[in-house]
Amino acid sequence: MTRDAMPNAFLPGEARLSEPERALIERRQAVLGPAYRLFYERPLHIVRGEGVWLHDADGTAYLDAYNNVASLGHCHPRVVEAVARQAAELATHTRYLHEGVLELAERLLTTLPKGIGHVMFTCSGSEANDLALRLAFAATGGTGVIVTENAYHGVTQAVAALSPSLGPGVPLGAHVRTVPAPDAAKGADAGFAAAVAAAAADLQRHGIRPAALILDTVFSSDGVFTDPPGFLAPAAEAIRAAGGLFIADEVQPGFGRTGEAMWGFLRHGVVPDMISMGKPMGNGYPVAALALRPELVESFGARARYFNTFGGNAVAAAAALAVLEVIETEGLQANALTVGARLREDLCALAARFPRLGAVRGAGLFIGIDVEHPDSRAPDPLTAGRIVNGLREARVLISATGPLGHVLKIRPPLVFSTAHAALFLDRIESVLAAIG
């Protein structure tokens, strides 16, 4: 099952694909090949975005409660203006002096704990995690990596090998060990550090020196596990005791999404050795980065060059600076906190009325909801797929995640308001009532 699963299930009476939709899908398959996937049983043909809305080719508007890349809302005018202005002035790489990339690095470091002193720029979160691995291997002399059982950390060869959520067709590396996601409802949070220590010991028993524990700090692909705050700190201590480093993958949780903090790891009172970031960093423009302790790159930099043609280019820096400014000036972290808390409260009330919904978890505007069989309480990915596709027909977009694809993944742009949340609740209630 992939990290965002869309099980194949229609609600009764759903419209069939139109001939233009079918033709576009065939055209796509002909040129892009079989490895690409589309969301939803009836794929969407999106042509325009604005704020929390996506518009299809027929002009129909869909409430976007899923897309984290456009975290400020689609086509935010301040980001659009910054990108256009810089693209019209200069678009080049980091081997020339330029104030933009330096200002971006300085601004990012002000949001991070003391001890994190350097920023290295990439184009994607996958590249940032790939670079983190290179640095971890060089700094520790080890190659062993510990991840959670349904983690996703990217698509390069190195990080795909430690991304179990990509499925059995993408085998894990022999140097990788997995630990269960920290589900507090099952008491797993208390044993999370012990599981990390056991995984490190198993690596050592097989002659593999531990290099890193890398974690998405809200465990997005595992099913969204955020509480209780603080459980990551002992896990970081466990990997360091084994000679490895702690890498916080903030590609999904970062940039204010959890509401309580700019970065997911800050909720846990822990300082990582490295922090990867991406997706929302440019609000749609490809830009990503790795922030780290300076000593980790000191010896690496003496032996090897680092260069990324597009990483940290002037246009990317302008986009990312605009994102940071908008988060601050529009109070989007605070909005994620207040709207997210109210939405979780209302979803808990909804779950009390509809037995197909189980636990509601999350922080800020990052929410996961278990979908379960009403009698056995076993995971129910089929119904999760029906809910996701039913909402798509109701013009609301979410996804599903977790190892079985049974967890609804709700992750709207940070400009999501209480009015948008009320509309979402109305539509999901209607879909649940139709399913029965």
Side-chain angles (χ1 to χ4, degrees), residues 4 39-40 44 46-56 58-80 218 220 224 226 252-260 279-280 283-284 323 326-351 353-354 357 360-369 371 384 387-401 407-434:
D4 288 324
F39 275 168
Y40 309 110
L44 282 164
I46 297 298
V47 298
R48 185 170 66 87
E50 182 178 7
V52 300
W53 300 99
L54 287 170
H55 301 263
D56 70 11
D58 296 325
T60 302
Y62 294 81
L63 180 67
D64 187 356
Y66 172 72
N67 281 294
N68 184 35
V69 172
S71 65
L72 310 184
H74 296 277
C75 302
H76 193 288
R78 289 179 63 180
V79 180
V80 171
V218 296
S220 312
V224 187
T226 54
Q252 294 196 62
F255 292 92
R257 176 151 295 277
T258 65
E260 299 169 44
K279 291 190 191 302
N283 206 57
V323 167
V326 170
I327 290 173
E328 181 179 354
T329 58
E330 296 188 8
L332 295 187
Q333 181 180 317
N335 185 70
L337 181 65
T338 56
V339 176
R342 175 64 183 273
L343 181 55
R344 289 197 306 280
E345 181 181 325
D346 290 340
L347 286 168
C348 286
L350 197 68
R353 294 172 45 217
F354 290 93
L357 298 186
V360 178
R361 298 180 294 273
L365 284 172
F366 207 135
I367 300 171
I369 309 174
V371 180
I387 294 170
V388 168
N389 284 290
L391 281 169
R392 176 256 182 264
E393 295 302 316
R395 302 177 184 176
V396 174
L397 307 180
I398 65 167
S399 183
T401 190
V407 181
L408 302 181
K409 185 177 183 181
I410 303 162
R411 188 189 54 179
L414 301 184
V415 291
F416 213 67
S417 69
T418 53
H420 299 134
L423 175 60
F424 172 79
L425 287 160
D426 177 72
R427 298 290 170 86
I428 193 172
E429 181 176 0
S430 296
V431 170
L432 289 166

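Worth knowing before you read on, the calculation uses all heavy atoms, side chains too, and leaves out hydrogens, waters and symmetry mates. This is a predicted model, so every value here is computed, not measured.
- Of all heavy-atom pairs between L408 and A384, the closest is CD2-O, 3.9 Å.
- Between F416 and I410, the closest side-chain pair of non-hydrogen atoms is not below 4.5 Å.
- For N283 against S71, the heavy-atom pair with the smallest separation is OD1-N, 3.0 Å.
- Contact check for N67 versus D64: side-chain heavy atoms found under the 4.5 Å cut-off.
- Shown here for R257 and Q252, the closest heavy-atom pair between the two residues is CD-O, 3.8 Å.
- When side chains are defined from C-beta on, E393 does not count as touching Y40, because their heavy atoms never get closer than 4.5 Å.
- Here the side chains of H55 and I46 are not in contact, with every heavy-atom distance at 4.5 Å or above.
- Looking at R48 and E50, a side-chain N of the basic residue comes within less than 4.0 Å of a carboxylate O on the acidic one, giving a salt bridge.
- Closest of all the heavy-atom pairs between I367 and G340 is CD1-O, 4.2 Å.
- In this structure, the side chains of V415 and V52 come closer than 4.5 Å at one or more pairs of heavy atoms.
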* Please step through side-chain contact (heavy atoms from CB on, under 4.5 Å) for the pair T258 and T226, ending with a clear verdict. => CA-CA 9 Å; T258 65; T226 54; over 6 Å; no
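- Nearest heavy-atom pair, I398 versus V388, reported as atom, atom and distance to 0.1 Å: O-CG1, 3.8 Å.
- Across G51 and P413, no two heavy atoms sit closer than the pair O-CG, 4.5 Å.
- Between I369 and V407, every side-chain heavy-atom pair lies at or beyond the 4.5 Å cut-off.
- At least one side-chain heavy atom of I327 sits under 4.5 Å from a side-chain heavy atom of F255.
- Counting only distance, with no hydrogens or angles, the side chain of R411 and the backbone of Y66 share a donor-acceptor pair below 3.5 Å.
- Screening residues 337-348 for salt bridge (charged side-chain N to carboxylate O under 4.0 Å, His left out), with sequence neighbours left out, gives R342-D346.
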* Applying side-chain contact (heavy atoms from CB on, under 4.5 Å), run through E429 and R353 and close with a yes or a no. => CA-CA 10 Å; E429 181 176 0; R353 294 172 45 217; 2.6 Å; yes
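- Here the straight-line distance linking atom CG of L414 with atom NE2 of H76 works out to 10.5 Å at 0.5 Å rounding.
- A heavy-atom distance below 4.5 Å is not found between the side chains of R392 and V396.
- To the nearest 0.5 Å, atoms CG (L425) and CG (L350) are separated by 6.5 Å.
- Rounding to the nearest 0.5 angstrom, the gap separating the NZ atom in K409 from the CG atom in N68 is 8.0 Å.
- Here the options are L63, L391, L44, the test is side chain to side chain contact (heavy atoms under 4.5 Å, CB included), and the partner is L397; only L44 passes.
- With sequence neighbours left out, the side chain to side chain contact (heavy atoms under 4.5 Å, CB included) criterion links T60 to D56, D58, Y62, R395.
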